[in-house]
Amino acid sequence: MELKQLQYFMAICEELHFTRAAEKMGVSAPNISQQIRRLEEELGVLLFDRMGKTIVLTEAGAILHEHGAAVFVHLQQANDAISDLKQMHGGSLSIGVLPGDADLMFNALLLNFHQTYPTIALSLLETTKITEQVLDRSIDVGVTIGPVIDERLTSIPLFHEEFSLAVSTNDPLATESFVPLNRLPALKMVMFPPDHQSRKLIDRFCKDKGFTLQPHMVTTTLSSLLQMVQSGVGACVLPRLLLDNLHNKDIKVLHLRNPTPSQDICLIYRSDRYVGYAMRTFIKTLRAYIETVINHAKSS
(Lines give C-alpha, C1' and ligand atoms only; values in the text may rest on other atoms or scores of the structure.)
Protein backbone atom coordinates (compact mmCIF):
# COMPACT_ATOMS: atom_id res chain seq x y z
CA MET A 1 0.00 0.00 0.00
CA GLU A 2 1.43 3.36 -1.07
CA LEU A 3 0.88 6.60 0.81
CA LYS A 4 -0.44 8.24 -2.36
CA GLN A 5 -3.05 5.49 -2.71
CA LEU A 6 -4.13 6.08 0.88
CA GLN A 7 -4.41 9.82 0.20
CA TYR A 8 -6.61 9.13 -2.82
CA PHE A 9 -8.74 6.73 -0.77
CA MET A 10 -9.24 9.31 2.03
CA ALA A 11 -10.17 11.99 -0.52
CA ILE A 12 -12.85 9.72 -2.00
CA CYS A 13 -14.15 9.00 1.53
CA GLU A 14 -14.55 12.74 2.08
CA GLU A 15 -16.20 13.48 -1.26
CA LEU A 16 -17.96 10.15 -1.92
CA HIS A 17 -17.41 10.96 -5.56
CA PHE A 18 -14.44 9.88 -7.72
CA THR A 19 -14.41 12.93 -10.00
CA ARG A 20 -14.61 15.46 -7.16
CA ALA A 21 -11.91 13.56 -5.26
CA ALA A 22 -9.71 13.58 -8.36
CA GLU A 23 -10.17 17.35 -8.73
CA LYS A 24 -9.31 17.83 -5.09
CA MET A 25 -6.12 15.81 -5.48
CA GLY A 26 -5.20 17.42 -8.79
CA VAL A 27 -5.28 14.21 -10.84
CA SER A 28 -7.58 12.74 -13.47
CA ALA A 29 -10.61 10.64 -12.56
CA PRO A 30 -9.28 7.57 -14.47
CA ASN A 31 -5.99 7.86 -12.59
CA ILE A 32 -7.60 7.89 -9.15
CA SER A 33 -9.97 5.04 -10.12
CA GLN A 34 -7.00 2.97 -11.29
CA GLN A 35 -5.12 3.53 -8.04
CA ILE A 36 -8.14 2.48 -5.97
CA ARG A 37 -8.57 -0.67 -8.09
CA ARG A 38 -4.91 -1.55 -7.48
CA LEU A 39 -5.37 -0.96 -3.76
CA GLU A 40 -8.45 -3.19 -3.70
CA GLU A 41 -6.58 -5.91 -5.63
CA GLU A 42 -3.69 -5.72 -3.18
CA LEU A 43 -6.01 -5.95 -0.15
CA GLY A 44 -8.27 -8.52 -1.77
CA VAL A 45 -11.47 -6.69 -0.83
CA LEU A 46 -13.78 -4.04 -2.23
CA LEU A 47 -13.45 -0.68 -0.48
CA PHE A 48 -16.48 0.97 -2.08
CA ASP A 49 -19.86 -0.24 -3.24
CA ARG A 50 -20.56 1.48 -6.54
CA MET A 51 -24.26 1.99 -7.18
CA GLY A 52 -24.51 4.04 -10.34
CA LYS A 53 -23.14 7.51 -9.56
CA THR A 54 -23.41 6.86 -5.83
CA ILE A 55 -20.65 5.19 -3.82
CA VAL A 56 -20.61 4.05 -0.20
CA LEU A 57 -17.90 2.54 1.99
CA THR A 58 -17.90 -1.21 2.47
CA GLU A 59 -17.12 -2.67 5.87
CA ALA A 60 -13.51 -3.13 4.78
CA GLY A 61 -13.47 0.46 3.50
CA ALA A 62 -14.70 1.73 6.86
CA ILE A 63 -11.88 -0.12 8.64
CA LEU A 64 -9.28 1.34 6.27
CA HIS A 65 -10.76 4.82 6.68
CA GLU A 66 -10.47 4.65 10.48
CA HIS A 67 -6.85 3.53 10.38
CA GLY A 68 -6.01 5.83 7.48
CA ALA A 69 -7.22 8.83 9.49
CA ALA A 70 -4.93 7.77 12.34
CA VAL A 71 -1.98 7.48 9.93
CA PHE A 72 -2.41 11.06 8.72
CA VAL A 73 -2.86 12.36 12.27
CA HIS A 74 0.49 10.79 13.21
CA LEU A 75 2.13 12.17 10.08
CA GLN A 76 0.85 15.66 10.93
CA GLN A 77 2.12 15.30 14.49
CA ALA A 78 5.54 14.31 13.17
CA ASN A 79 5.56 17.28 10.82
CA ASP A 80 4.54 19.63 13.65
CA ALA A 81 7.23 18.25 15.94
CA ILE A 82 9.92 18.68 13.30
CA SER A 83 8.72 22.21 12.49
CA ASP A 84 8.78 23.02 16.19
CA LEU A 85 12.37 21.76 16.41
CA LYS A 86 13.45 23.78 13.35
CA GLN A 87 11.94 26.98 14.72
CA MET A 88 14.27 26.83 17.74
CA HIS A 89 11.87 27.99 20.43
CA GLY A 90 9.81 30.15 18.14
CA GLY A 91 6.53 29.32 16.49
CA SER A 92 3.01 30.66 16.50
CA LEU A 93 -0.20 30.02 18.38
CA SER A 94 -3.80 31.07 17.79
CA ILE A 95 -5.98 31.45 20.89
CA GLY A 96 -9.77 31.63 21.01
CA VAL A 97 -11.50 33.46 23.87
CA LEU A 98 -15.10 34.34 24.55
CA PRO A 99 -16.26 37.85 23.55
CA GLY A 100 -15.13 40.36 26.16
CA ASP A 101 -12.55 38.08 27.77
CA ALA A 102 -9.74 39.77 25.85
CA ASP A 103 -10.48 42.90 27.88
CA LEU A 104 -11.26 41.06 31.09
CA MET A 105 -8.22 38.78 31.24
CA PHE A 106 -5.83 38.66 28.32
CA ASN A 107 -4.53 42.13 27.49
CA ALA A 108 -2.00 42.25 30.32
CA LEU A 109 -1.08 38.58 29.86
CA LEU A 110 -0.35 38.96 26.14
CA LEU A 111 1.82 42.03 26.71
CA ASN A 112 3.89 40.23 29.34
CA PHE A 113 4.07 37.10 27.20
CA HIS A 114 5.37 39.01 24.19
CA GLN A 115 8.01 40.75 26.28
CA THR A 116 9.19 37.43 27.73
CA TYR A 117 8.90 35.31 24.55
CA PRO A 118 9.32 37.69 21.59
CA THR A 119 9.99 34.82 19.13
CA ILE A 120 6.50 33.34 19.62
CA ALA A 121 3.77 34.91 17.50
CA LEU A 122 0.35 34.94 19.20
CA SER A 123 -3.01 35.74 17.66
CA LEU A 124 -6.12 36.27 19.79
CA LEU A 125 -9.60 35.71 18.40
CA GLU A 126 -12.86 36.51 20.18
CA THR A 127 -15.45 33.90 19.23
CA THR A 128 -18.57 32.25 20.61
CA LYS A 129 -17.68 28.98 18.83
CA ILE A 130 -14.49 28.06 20.66
CA THR A 131 -15.10 24.30 20.86
CA GLU A 132 -16.09 24.05 17.20
CA GLN A 133 -13.09 26.08 16.03
CA VAL A 134 -10.63 24.09 18.12
CA LEU A 135 -12.09 20.89 16.64
CA ASP A 136 -11.89 22.13 13.04
CA ARG A 137 -8.32 23.39 13.71
CA SER A 138 -9.07 27.01 12.83
CA ILE A 139 -7.65 27.90 16.27
CA ASP A 140 -5.03 26.03 18.27
CA VAL A 141 -6.32 26.47 21.82
CA GLY A 142 -9.41 27.92 23.41
CA VAL A 143 -10.21 29.38 26.82
CA THR A 144 -13.88 28.80 27.55
CA ILE A 145 -16.51 27.88 30.12
CA GLY A 146 -16.20 24.38 31.50
CA PRO A 147 -16.70 21.61 31.82
CA VAL A 148 -16.05 20.59 28.20
CA ILE A 149 -16.65 16.85 27.77
CA ASP A 150 -15.43 15.54 24.42
CA GLU A 151 -13.01 12.65 23.88
CA ARG A 152 -11.48 14.57 20.95
CA LEU A 153 -10.42 17.38 23.28
CA THR A 154 -8.00 17.75 26.16
CA SER A 155 -9.41 20.07 28.83
CA ILE A 156 -7.27 21.77 31.50
CA PRO A 157 -9.18 23.42 34.39
CA LEU A 158 -7.91 26.95 34.99
CA PHE A 159 -9.98 28.50 37.78
CA HIS A 160 -13.41 28.97 39.33
CA GLU A 161 -14.64 32.48 38.55
CA GLU A 162 -17.05 34.29 40.87
CA PHE A 163 -18.85 37.53 40.03
CA SER A 164 -19.33 40.51 42.35
CA LEU A 165 -21.12 43.85 42.35
CA ALA A 166 -19.15 47.03 41.66
CA VAL A 167 -20.53 50.37 42.91
CA SER A 168 -19.18 53.88 43.33
CA THR A 169 -17.61 54.54 46.73
CA ASN A 170 -20.15 57.39 47.01
CA ASP A 171 -23.08 55.00 46.61
CA PRO A 172 -25.00 54.24 49.84
CA LEU A 173 -24.43 50.53 49.09
CA ALA A 174 -20.68 51.03 49.53
CA THR A 175 -21.05 50.66 53.30
CA GLU A 176 -22.37 47.10 52.94
CA SER A 177 -20.20 43.99 52.63
CA PHE A 178 -22.55 41.95 50.43
CA VAL A 179 -25.76 42.26 48.43
CA PRO A 180 -28.35 39.50 47.82
CA LEU A 181 -28.78 38.75 44.13
CA ASN A 182 -32.53 39.43 44.28
CA ARG A 183 -31.80 43.03 45.25
CA LEU A 184 -30.33 43.83 41.82
CA PRO A 185 -33.69 44.76 40.16
CA ALA A 186 -33.98 47.69 42.60
CA LEU A 187 -30.59 49.09 41.52
CA LYS A 188 -29.60 51.20 38.55
CA MET A 189 -27.51 48.74 36.57
CA VAL A 190 -24.96 49.37 33.82
CA MET A 191 -24.23 46.22 31.86
CA PHE A 192 -22.75 44.63 28.77
CA PRO A 193 -25.16 43.85 25.89
CA PRO A 194 -27.27 40.66 26.11
CA ASP A 195 -24.95 38.72 23.76
CA HIS A 196 -21.87 39.29 25.95
CA GLN A 197 -20.80 36.12 27.78
CA SER A 198 -20.67 37.80 31.21
CA ARG A 199 -24.13 39.29 30.67
CA LYS A 200 -25.51 35.88 29.67
CA LEU A 201 -24.22 34.40 32.91
CA ILE A 202 -25.80 37.13 35.06
CA ASP A 203 -29.09 36.93 33.15
CA ARG A 204 -29.19 33.16 33.65
CA PHE A 205 -28.67 33.40 37.42
CA CYS A 206 -31.30 36.16 37.66
CA LYS A 207 -33.78 34.14 35.62
CA ASP A 208 -33.27 31.19 37.98
CA LYS A 209 -34.29 33.51 40.83
CA GLY A 210 -37.42 34.58 38.94
CA PHE A 211 -36.55 38.05 37.64
CA THR A 212 -35.01 39.84 34.66
CA LEU A 213 -32.69 42.82 34.89
CA GLN A 214 -33.52 45.98 32.93
CA PRO A 215 -30.21 47.88 32.82
CA HIS A 216 -30.14 51.66 33.06
CA MET A 217 -27.33 51.80 30.47
CA VAL A 218 -25.62 49.29 28.17
CA THR A 219 -22.09 49.51 26.78
CA THR A 220 -19.85 47.16 24.83
CA THR A 221 -16.52 48.15 26.42
CA LEU A 222 -15.12 47.39 29.84
CA SER A 223 -13.50 50.81 30.18
CA SER A 224 -16.76 52.70 29.67
CA LEU A 225 -18.58 50.31 32.02
CA LEU A 226 -16.08 51.00 34.79
CA GLN A 227 -16.18 54.73 34.10
CA MET A 228 -19.96 54.77 34.57
CA VAL A 229 -19.67 52.85 37.84
CA GLN A 230 -16.93 55.15 39.07
CA SER A 231 -19.04 58.21 38.17
CA GLY A 232 -22.05 56.86 40.05
CA VAL A 233 -24.23 56.26 36.97
CA GLY A 234 -25.01 52.75 38.17
CA ALA A 235 -23.72 49.43 39.52
CA CYS A 236 -22.40 46.53 37.47
CA VAL A 237 -21.62 42.83 37.92
CA LEU A 238 -18.16 41.71 36.83
CA PRO A 239 -15.66 38.93 37.62
CA ARG A 240 -14.33 39.25 41.16
CA LEU A 241 -10.71 38.69 40.08
CA LEU A 242 -10.92 41.56 37.62
CA LEU A 243 -12.44 43.93 40.16
CA ASP A 244 -10.02 43.00 42.95
CA ASN A 245 -7.04 43.65 40.67
CA LEU A 246 -8.24 47.05 39.46
CA HIS A 247 -7.30 48.74 42.74
CA ASN A 248 -9.62 51.60 41.83
CA LYS A 249 -10.12 53.75 44.94
CA ASP A 250 -13.39 55.09 43.51
CA ILE A 251 -15.02 51.67 43.13
CA LYS A 252 -16.23 49.44 45.99
CA VAL A 253 -16.54 45.70 45.36
CA LEU A 254 -19.39 43.89 47.13
CA HIS A 255 -19.99 40.15 47.34
CA LEU A 256 -23.14 38.86 45.68
CA ARG A 257 -24.95 36.21 47.71
CA ASN A 258 -27.90 33.81 47.50
CA PRO A 259 -26.56 32.76 45.04
CA THR A 260 -23.14 33.97 43.92
CA PRO A 261 -22.96 33.93 40.10
CA SER A 262 -19.98 31.82 39.07
CA GLN A 263 -18.55 29.61 36.37
CA ASP A 264 -15.58 27.30 35.73
CA ILE A 265 -12.99 28.35 33.15
CA CYS A 266 -10.87 25.83 31.26
CA LEU A 267 -8.40 25.63 28.38
CA ILE A 268 -9.02 23.16 25.56
CA TYR A 269 -7.08 21.80 22.59
CA ARG A 270 -7.36 18.80 20.29
CA SER A 271 -6.12 15.62 21.96
CA ASP A 272 -4.49 14.45 18.73
CA ARG A 273 -2.43 17.56 18.09
CA TYR A 274 1.26 17.90 18.84
CA VAL A 275 1.83 20.17 21.85
CA GLY A 276 4.83 22.17 20.69
CA TYR A 277 7.01 24.74 22.37
CA ALA A 278 4.66 27.66 21.69
CA MET A 279 1.62 25.90 23.19
CA ARG A 280 3.53 24.45 26.16
CA THR A 281 4.96 27.87 26.95
CA PHE A 282 1.61 29.63 26.66
CA ILE A 283 -0.21 27.12 28.89
CA LYS A 284 2.54 27.34 31.53
CA THR A 285 2.50 31.14 31.39
CA LEU A 286 -1.31 31.35 31.52
CA ARG A 287 -1.54 29.10 34.59
CA ALA A 288 1.21 31.03 36.38
CA TYR A 289 -0.47 34.33 35.49
CA ILE A 290 -3.83 33.18 36.87
CA GLU A 291 -2.19 31.92 40.07
CA THR A 292 -0.46 35.27 40.51
CA VAL A 293 -3.69 37.21 39.95
CA ILE A 294 -5.59 35.01 42.44
CA ASN A 295 -2.88 35.31 45.10
CA HIS A 296 -2.65 39.05 44.56
CA ALA A 297 -6.41 39.41 44.99
CA LYS A 298 -6.35 37.35 48.22
CA SER A 299 -3.58 39.46 49.73
CA SER A 300 -5.11 42.83 48.86
Side-chain angles (χ1 to χ4, degrees), residues 97-112 124 126 128 143 145 158-265 289-290 292-300:
V97 299
L98 294 167
D101 279 359
D103 285 338
L104 299 181
M105 181 192 300
F106 284 91
N107 285 343
L109 169 64
L110 293 183
L111 177 60
N112 293 337
L124 191 69
E126 289 193 328
T128 59
V143 177
I145 299 168
L158 293 177
F159 63 99
H160 182 71
E161 180 175 60
E162 294 188 351
F163 284 68
S164 294
L165 185 69
V167 300
S168 167
T169 51
N170 296 321
D171 192 298
L173 276 175
T175 60
E176 302 186 26
S177 59
F178 73 92
V179 174
L181 188 71
N182 61 12
R183 192 171 171 183
L184 294 186
L187 305 180
K188 276 189 174 182
M189 299 294 298
V190 292
M191 303 181 72
F192 285 121
D195 61 347
H196 190 284
Q197 193 59 42
S198 294
R199 172 71 182 275
K200 288 180 179 179
L201 174 80
I202 303 308
D203 285 348
R204 186 172 74 250
F205 270 80
C206 291
K207 184 178 180 181
D208 288 344
K209 294 295 288 186
F211 62 88
T212 301
L213 292 179
Q214 301 296 331
H216 182 63
M217 292 190 70
V218 171
T219 179
T220 59
T221 64
L222 177 63
S223 58
S224 59
L225 197 64
L226 294 171
Q227 182 61 48
M228 285 191 284
V229 173
Q230 182 177 322
S231 302
V233 174
C236 74
V237 179
L238 287 170
R240 180 86 193 190
L241 279 179
L242 168 73
L243 293 171
D244 283 345
N245 282 274
L246 285 177
H247 302 298
N248 188 322
K249 61 182 178 59
D250 297 317
I251 293 178
K252 177 67 182 295
V253 181
L254 307 174
H255 287 283
L256 282 172
R257 300 275 175 85
N258 304 321
T260 300
S262 63
Q263 60 190 7
D264 292 311
I265 304 298
Y289 173 77
I290 290 171
T292 299
V293 170
I294 291 174
N295 291 337
H296 192 267
K298 288 179 179 178
S299 63
S300 58

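This one's a predicted model, so the numbers in the text were calculated from it and none came from an experiment.
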Test log, rule side-chain contact (heavy atoms from CB on, under 4.5 Å), inputs Thr212 and Lys207
CA-CA 6 Å; Thr212 301; Lys207 184 178 180 181; 5.7 Å; no

Show the nearest heavy-atom pair for residues Asp195 and Lys200, with the distance to one decimal.
O-CE, 3.5 Å

Nearest 0.5 Å please: distance from the NE2 atom of His160 over to the CG atom of Leu241.
10.5 Å

Find out whether Lys209 and Pro259 are in side-chain contact, i.e. whether some heavy atom of one side chain is under 4.5 Å from a heavy atom of the other.
yes

Test: side chain to side chain donor-acceptor pair (under 3.5 Å). Region: residues 166-176. Which pairs qualify, not counting sequence neighbours?
Glu176-Arg183

Indicate yes or no: at least one non-hydrogen side-chain atom of Asp264 is less than 4.5 angstrom from one of Glu161.
no

Working to the nearest 0.5 angstrom, can you tell me the gap between Cys206 SG and Arg204 CZ?
11.0 Å

Val97 vs Leu124 side-chain heavy atoms within contact, under 4.5 Å:
yes

Interatomic distance, CZ@Phe211 vs CG@Asn182, rounded to 0.5 Å, equals 6.0 Å

Short side-chain donor-acceptor distance under 3.5 Å, Ser223 and Gln227:
no

Let me have the donor-acceptor pairs involving side chains of residues 184-193, under 3.5 Å, with sequence neighbours excluded, atom names and distances please.
none

Kindly indicate, with the supporting measurements, whether the criterion side-chain contact (heavy atoms from CB on, under 4.5 Å) is fulfilled by Val179 and Leu173.
CA-CA 8 Å; Val179 174; Leu173 276 175; 4.2 Å; yes

Could you tell me whether the side chain of Leu238 reaches within less than 4.5 Å of the side chain of Leu226, counting heavy atoms only?
yes

How long is the span from the CG atom in Leu222 to the CG atom in Leu242, to the nearest 0.5 Å?
5.5 Å

Salt-bridge criterion met for Arg199 and Asp203 (N-O under 4.0 Å):
yes

Rounding to 0.5 Å, atoms CD1 (Ile251) and CG (Leu243) come to a distance of 7.0 Å

With rounding to the nearest 0.5 angstrom, report the SG to CE distance, Cys236 to Met228.
8.5 Å

Within-4.5 Å side-chain heavy-atom neighbours: Lys252 and Leu254:
yes

In the structure I gave you, are the side-chain heavy atoms of Leu158 and Tyr289 within less than 4.5 Å of one another anywhere?
no

For Ser224 and Thr221, indicate whether the former's side chain and the latter's backbone hold a donor-acceptor pair under 3.5 Å.
yes

Should Phe163 and Thr260 count as side-chain neighbours, where that means a heavy-atom distance under 4.5 Å?
no

Just so I know, are the side chains of Leu256 and Pro261 near enough to count as touching, which here means a heavy-atom distance under 4.5 Å?
yes

